[in-house]
Amino acid sequence: MIKALSAKEVAKRVVEGNMFILDVRNEGDYKDWKIEGKGIKSINRPYFDLIDGVEDVLEDLPKEEVLVVCAKEGSSVMVAEMLDEAGIKDVYYLEGGMKSWSEYLMPVKLGDLKDGGSIYQFNRIGKGCLSYLVESNGEAAIIDSARTIETYEDFAKENNLKIKHMIDTHLHADHISGGRKLAEKTGATYWLPPKDGEEVTFSYAELEEGKDITIGNTKIEIQPLYTPGHTVGSTSMIVDGQFLLSGDILFVDSIGRPDLAGKAEDWVSDLRDSLYNKYNNLSKDLVVLPAHFGKISELDEKGVVSAPLGDLFEKNEGLNIKSEDEFRRAVTENLPPQPNAYQEIRQTNMGKIDPSTDEQREMEIGPNRCAITDN
């Protein structure tokens with residue numbers, strides 16, 4: 001009998017590094033975006049090449065434990081049944097297909113805060129998106145929320161937390177923010193940098209440098225630090241004097257791209273100033289928590305993406321480009337393809353269009369591509 005594996009179970013295996021995948025989507029979709037991991041092996045054989053039988057692919061598969069993956073689930077079930085009949089032991093299919101993989105959020109505790117409370121990273125491992133929850137004394141703030149807000153609601157309920165603040169570090173172009181929707185459901189305050197909010201159709205609290213946001217009674221302060229470059233309003237935050245939430249300005253292996261609003265040439269100097277001056281003046285002991293990752297190798301053994309700021313100034317190539325002209329070329333020329341449907345995603349996050357749930361899923365399919373280097 002074939003068995004379903006949920007996205008949660010697949011994520012656990014990706015982190016632990018043990019799985020063989022037969023991906024039966026079209027070749028172009030597979031090359032663009034697939035399930036990857038340190039110990040993950042995969043091959044691509046399009047479903048239409050397997051309709052008449054799986055004999056030609058058997059020699060490329062292990063004799064046991066194969067996960068079959070497709071876009072929505074149906075094709076993978078059919079291929080999995082054929083592999084089972086062909087004698088492969090323990091054949092699985094990805095429940096909900098790559099759409100479920102794209103949406104799954106994996107919460108991991110990062111650490112405790114000085115005066116009580118804790119901070120969690122929610123890793124959207126199939127999309128490379130990272131969001132955060134800061135909690136203290138029964139209150140919570142969520143930063144850079146994914147569209148699938150049910151995960152945060154369930155987490156808050158399980159941990160007896162009241163969501164008080166929803167914060168976006170910038171106007172996202174790679175994924176649809178759940179910040180405003182969850183704020184409306186919970187009565188939380190929705191924060192957005194005002195320079196990124198000039199075209200939005202809704203009201204919001206202005207996330208500005210010098211405005212502290214206190215969670216609970218333990219003086220956990222989220223201090224906005226204006227760091228333009230990825231967008232004109234991009235705002236970083238220092239949480240509890242320990243963590244630097246860098247949004248899409250700085251990643252573990254790269255830096256943010258300035259072209260997704262069509263302003264690359266205009267924002268290059270801002271991006272360099274934010275990274276090379278403002279960040280360089282911060283404590284190198286701060287733990288950088290970005291809003292995205294591009295490579296599975298950026299995850300540690302727990303599935304966390306983070307790094308001390310000092311380490312990044314030593315190892316991240318984007319922080320070690322000596323001349324301004326070379327930096328300009330690096331962030332404006334030969335960039336990876338832009339995220340799927342990024343213009344429509346920006347318009348959705350502005351409140352200008354209201355796509356259906358299925359349309360939003362389709363808009364978000366694929367990697368995030370927010371860095372200047374490809375995944």
Side-chain angles (χ1 to χ4, degrees), residues 121-122 124 127-132 134 141-147 165-183 189-202 204-211 213 222-239 243-251 254-264 266-275 278-279 288-294 305 318 331 335 338-339 341-352 364 368-372:
Q121 182 178 81
F122 285 70
R124 190 176 173 187
K127 179 75 175 170
C129 298
L130 303 167
S131 52
Y132 299 89
V134 180
I142 298 172
I143 300 98
D144 289 330
S145 164
R147 169 177 57 82
H165 300 279
M166 300 296 301
I167 305 164
D168 274 326
T169 57
H170 62 287
L171 187 77
H172 296 281
D174 73 297
H175 73 276
I176 295 165
S177 168
R180 183 164 55 99
K181 182 178 178 181
L182 189 49
T189 302
Y190 175 60
W191 299 80
L192 183 71
K195 291 182 181 293
D196 276 0
E198 293 176 355
E199 294 184 61
V200 304
T201 62
F202 47 83
Y204 60 91
E206 296 185 346
L207 185 68
E208 294 180 300
E209 190 168 346
K211 286 185 178 179
I213 303 170
I222 303 175
Q223 302 166 313
L225 176 68
Y226 180 47
T227 46
H230 177 67
T231 67
V232 69
S234 293
T235 299
S236 304
M237 287 175 285
I238 298 171
V239 176
F243 302 98
L244 172 60
L245 274 66
S246 58
D248 283 357
I249 286 286
L250 176 61
F251 308 118
S254 188
I255 59 176
R257 62 194 296 170
D259 66 312
L260 296 184
K263 301 287 184 70
D266 295 343
W267 292 350
V268 168
S269 59
D270 284 336
L271 181 61
R272 186 173 176 86
D273 179 61
S274 294
L275 293 171
K278 291 184 176 180
Y279 272 15
V288 175
L289 300 175
H292 293 97
F293 69 93
V305 179
V331 302
L335 294 174
Q338 292 168 323
Y342 76 99
Q343 293 285 23
E344 292 85 354
I345 289 173
R346 290 184 77 247
Q347 290 179 331
T348 302
N349 287 332
M350 291 178 189
K352 291 185 174 181
E364 289 190 331
N368 64 75
R369 295 195 179 116
C370 289
I372 64 168

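Checked against ring pair (Phe, Tyr, Trp, His ring centres under 6.0 Å), Tyr279 has no partners two or more places apart in sequence or in another chain.
Annotation for Lys195 and Gly233: closest pair CB-CA, 3.9 Å, computed over non-hydrogen atoms. Across Cys129 and Asp174, no two heavy atoms sit closer than the pair SG-OD2, 3.4 Å.
Side-chain contact check for Tyr190 versus Leu182: every heavy-atom pair is 4.5 Å or farther apart. Using a 4.5 Å cut-off on side-chain heavy atoms (C-beta onward), Leu244 and Ser236 make contact. For the pair Leu275 and Ile249, the minimum side-chain heavy-atom distance is below 4.5 Å.
By the 6.0 Å contact criterion, NZ on Lys181 is open, its count of non-hydrogen atoms from other residues, nucleotides or ligands being 12 or less.
No donor-acceptor distance shorter than 3.5 angstrom exists from the side chain of Lys211 to the backbone of Pro224, with no hydrogens or angles considered. Remark: the backbone N or O of Ile167 is not paired with any side-chain donor or acceptor of Thr169 at under 3.5 angstrom. At least one donor-acceptor pair closer than 3.5 Å links the side chain of Asn349 to the backbone N or O of His175. Put simply, the side chain of Glu199 never gets that close to the backbone of Met350: no donor and acceptor are under 3.5 Å apart. In this structure, the side chain of Tyr342 does not engage the main chain of His172 through any donor-acceptor pair within 3.5 Å. No donor-acceptor pair under 3.5 Å is formed between the side chain of Ser246 and the backbone N or O of Val288.
Rounding to the nearest 0.5 Å places OG of Ser274 at 7.5 Å from OH of Tyr226. To the nearest 0.5 Å, atoms CE (Met237) and CD1 (Ile143) are separated by 5.5 Å. Residue Phe293 holds its CZ atom at 11.0 Å from CZ of Arg124, rounded to the nearest 0.5 Å. The CD atom of Gln347 lies 11.0 Å from the OG1 atom of Thr201; values are rounded to the nearest 0.5 Å. How far CE of Met166 is from CG of Asp144: 9.5 Å, rounded to the nearest 0.5 Å. To the nearest 0.5 Å, the span separating CG on Leu171 from OG on Ser177 amounts to 8.5 Å.
Between Glu364 and Arg147, at least one side-chain N (NZ, or NE/NH1/NH2) sits under 4.0 Å from a carboxylate O, which counts as a salt bridge.
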request  = Verify side-chain contact (heavy atoms from CB on, under 4.5 Å) between Leu130 and Leu289, making sure each step is shown before the conclusion.
outcome  = CA-CA 8 Å; Leu130 303 167; Leu289 300 175; over 6 Å; no
Residue pair Ile213, Leu207: steps toward the side-chain contact (heavy atoms from CB on, under 4.5 Å) verdict = CA-CA 9 Å; Ile213 303 170; Leu207 185 68; 4.0 Å; yes
Step-by-step side-chain contact (heavy atoms from CB on, under 4.5 Å) determination, Leu192 to Arg180 = CA-CA 10 Å; Leu192 183 71; Arg180 183 164 55 99; over 6 Å; no
inquiry  = Before you tell me yes or no, could you show the steps for Glu209 and Thr235 under side-chain contact (heavy atoms from CB on, under 4.5 Å), namely the whole-Å CA-CA distance, both residues' side-chain angles and the distance that decides it to 0.1 Å?
reply    = CA-CA 8 Å; Glu209 190 168 346; Thr235 299; over 6 Å; no
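In this pair, Phe202 and Tyr204 present their aromatic rings perpendicular. The plane angle is above 60°, beyond the 30 to 60° band. Classified by interplanar angle (parallel below 30°, tilted 30° to 60°, perpendicular above 60°), the ring pair His165/Trp191 is tilted.
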